[in-house]
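All remarks here apply to the structure that follows.
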There are 2 protein chains.
Amino acid sequence: MSNISCSDTQKHAVNVAKVQDGMLSERNFLFMAELFKALGDYTRVRILYALSIHELCVCALAEVLDMSQSAISHQLRLLRAAKLVRYRKEGKNVFYALDDDHVRSLVTQGLDHILEDG
Amino acid sequence: MSNISCSDTQKHAVNVAKVQDGMLSERNFLFMAELFKALGDYTRVRILYALSIHELCVCALAEVLDMSQSAISHQLRLLRAAKLVRYRKEGKNVFYALDDDHVRSLVTQGLDHILEDG
DNA sequence: ACCTCATATGAGTAGTTGTTCATGTGTAAT
DNA sequence: ATTACACATGAACAACTACTCATATGAGGT
């Protein structure tokens, strides 16, 4: 904190001012961080990719990922909180799906990124 | 683990098989998780957004975000590892920028997502 | 050579996270 | 009603993370 700027060139001051002016609210950055944090886990990204292929009930997800139902359920709670998935109940089952195509394109774009550079 | 499928309806088995067949390698999912994890932090997402406006040296970033140079430097190391930023040295300074437009569009799309729904 | 400045990094630590285990909730069938 | 099943959730614990502090590196200026 209280870091005085480095070499006081004009460019430095101008760029800092320009960027500070363009920054978003703390609230927006917190939401963005929460969104990407929800995507940034091995288990959750697999869940989302699986759901991008087809909607699945919780036990099917557990089977596909070879994990306990409890672990999946905990992660689904986070994905629900981040509004990345929606669910519908059908009898004893709960079927999860991606919340919208926006989510699908985020996953796809992440995949593109990692496939591009070695 | 070792979760036998739930109600053995045909749909269940078919969907599980379909999804299992479409899943990616562990390696790819790990990379995707790493990518989103790098984006999924309040400080790092602010750094990336700042750099999407203009390239900045480390001390300028520290000033814009009102954080210590050390904290910024540690986070830049992670962003470098995730290939989200590149840097160029100029005298005593090191200027950071987004690695490519791919990164910019990831950030933009994250922003779109959080701005869409309340 | 020396000092200063900009940046990088290792160690330490408080806070966070992902899983397991045990248990709770609600639905359907007998 | 009771039992079984699908799912959710609280507690606990190990693993990880993001910061601070101290120190190292390396380039410029004197």
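For clarity, every value in this text was computed on a predicted model and none was experimentally measured.
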Residue whose closest nucleotide on DNA chain C lies nearer the 5' end, A:Glu34 versus B:Cys57: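 So the residue in question is B:Cys57.
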Can you name the residues that form a side chain to side chain contact (heavy atoms under 4.5 Å, CB included) with [X], not counting sequence neighbours?
| X | result |
| --- | --- |
| A:Lys18 | B:Ile53, B:His54 |
| A:Ala97 | A:Glu55, A:Arg86 |
| B:Ser52 | B:Tyr49, B:Leu98, B:Arg104 |

Give me the distances for all protein-to-nucleotides 8-15 of chain D N/O pairs that come in under 3.5 Å?
from, atom 1, to, atom 2, distance (Å)
D:dA8, OP1, A:Tyr96, OH, 2.6
D:dA8, OP2, A:Ser73, OG, 2.6
D:dA8, N7, A:Gln69, NE2, 2.9
D:dT9, OP2, A:Arg80, NH2, 3.3
D:dT9, O4, A:Ser70, OG, 2.7
D:dG10, O6, A:His74, NE2, 2.8

Grab the [atom1]-[atom2] distance between [X] and [N] for me, whole Å please.
| X | N | atom1 | atom2 | answer |
| --- | --- | --- | --- | --- |
| A:Leu56 | D:dC7 | CG | P | 11 Å |
| A:Glu63 | D:dA6 | CD | P | 11 Å |
| B:Asp66 | D:dC19 | CG | C1' | 14 Å |
| B:Arg88 | D:dA27 | CZ | P | 16 Å |
| A:Lys92 | C:dT30 | NZ | P | 10 Å |
| A:Glu90 | D:dA6 | CD | P | 13 Å |
| B:Met67 | D:dC19 | CE | C1' | 7 Å |
| B:Leu61 | C:dA8 | CG | P | 10 Å |

Any B:Gln75 side-chain N or O less than 4.0 Å from OP1/OP2 of D:dC19: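 Yes, because at least one side-chain N or O of B:Gln75 sits under 4.0 Å from OP1 or OP2 of D:dC19.
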Under the side-chain hydrogen bond (donor to acceptor under 3.5 Å, both in side chains) test, residues paired with A:Ser105 that sit two or more places apart: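 Listed in chain order: B:Gln109.
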Identify all side-chain donor-acceptor contacts of residues 37-44 of chain A below 3.5 Å with residues at least two apart in sequence or on another chain.
from, atom 1, to, atom 2, distance (Å)
A:Asp41, OD2, A:Thr43, N, 3.0
A:Asp41, OD2, A:Arg44, N, 3.1
A:Arg44, NE, A:Ala38, O, 2.8
A:Arg44, NH1, A:Gln75, OE1, 2.7
A:Arg44, NH2, A:Lys37, O, 3.1

Sugar-phosphate only, base, or nothing, as touched by A:Leu78 at under 4.0 Å among non-hydrogen atoms: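 Since only primed, P, OP1 and OP2 atoms lie under 4.0 Å of A:Leu78, the category is sugar-phosphate.
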Sorted by number, the residues of residues 39-49 of chain B with heavy-atom contact under 4.0 Å to DNA chain D: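 Those residues whose heavy atoms fall under 4.0 Å from DNA chain D, taken from residues 39-49 of chain B in numerical order, are B:Asp41, B:Thr43, B:Arg44.
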Test salt bridge (Lys or Arg N to Asp or Glu O under 4.0 Å) applied to A:Glu26 - qualifying residues, sequence neighbours left out: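 Applying salt bridge (Lys or Arg N to Asp or Glu O under 4.0 Å) to A:Glu26 gives none.
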Polar side-chain atom of A:Asp100 near backbone of A:Val103 as donor-acceptor pair, under 3.5 Å: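 Yes; judged by distance alone, with no hydrogens or angles, the pair exists.
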Sequence neighbours excluded - ring pair (Phe, Tyr, Trp, His ring centres under 6.0 Å) pairs with any residue from residues 65-102 of chain A: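 Non-adjacent pairs meeting ring pair (Phe, Tyr, Trp, His ring centres under 6.0 Å): A:Tyr87-A:Tyr96, A:His102-B:His113.
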Taking every non-hydrogen atom, the tightest pair across A:Val85 and A:Leu76: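 Heavy-atom minimum between the residues: CG2-O, 4.4 Å.
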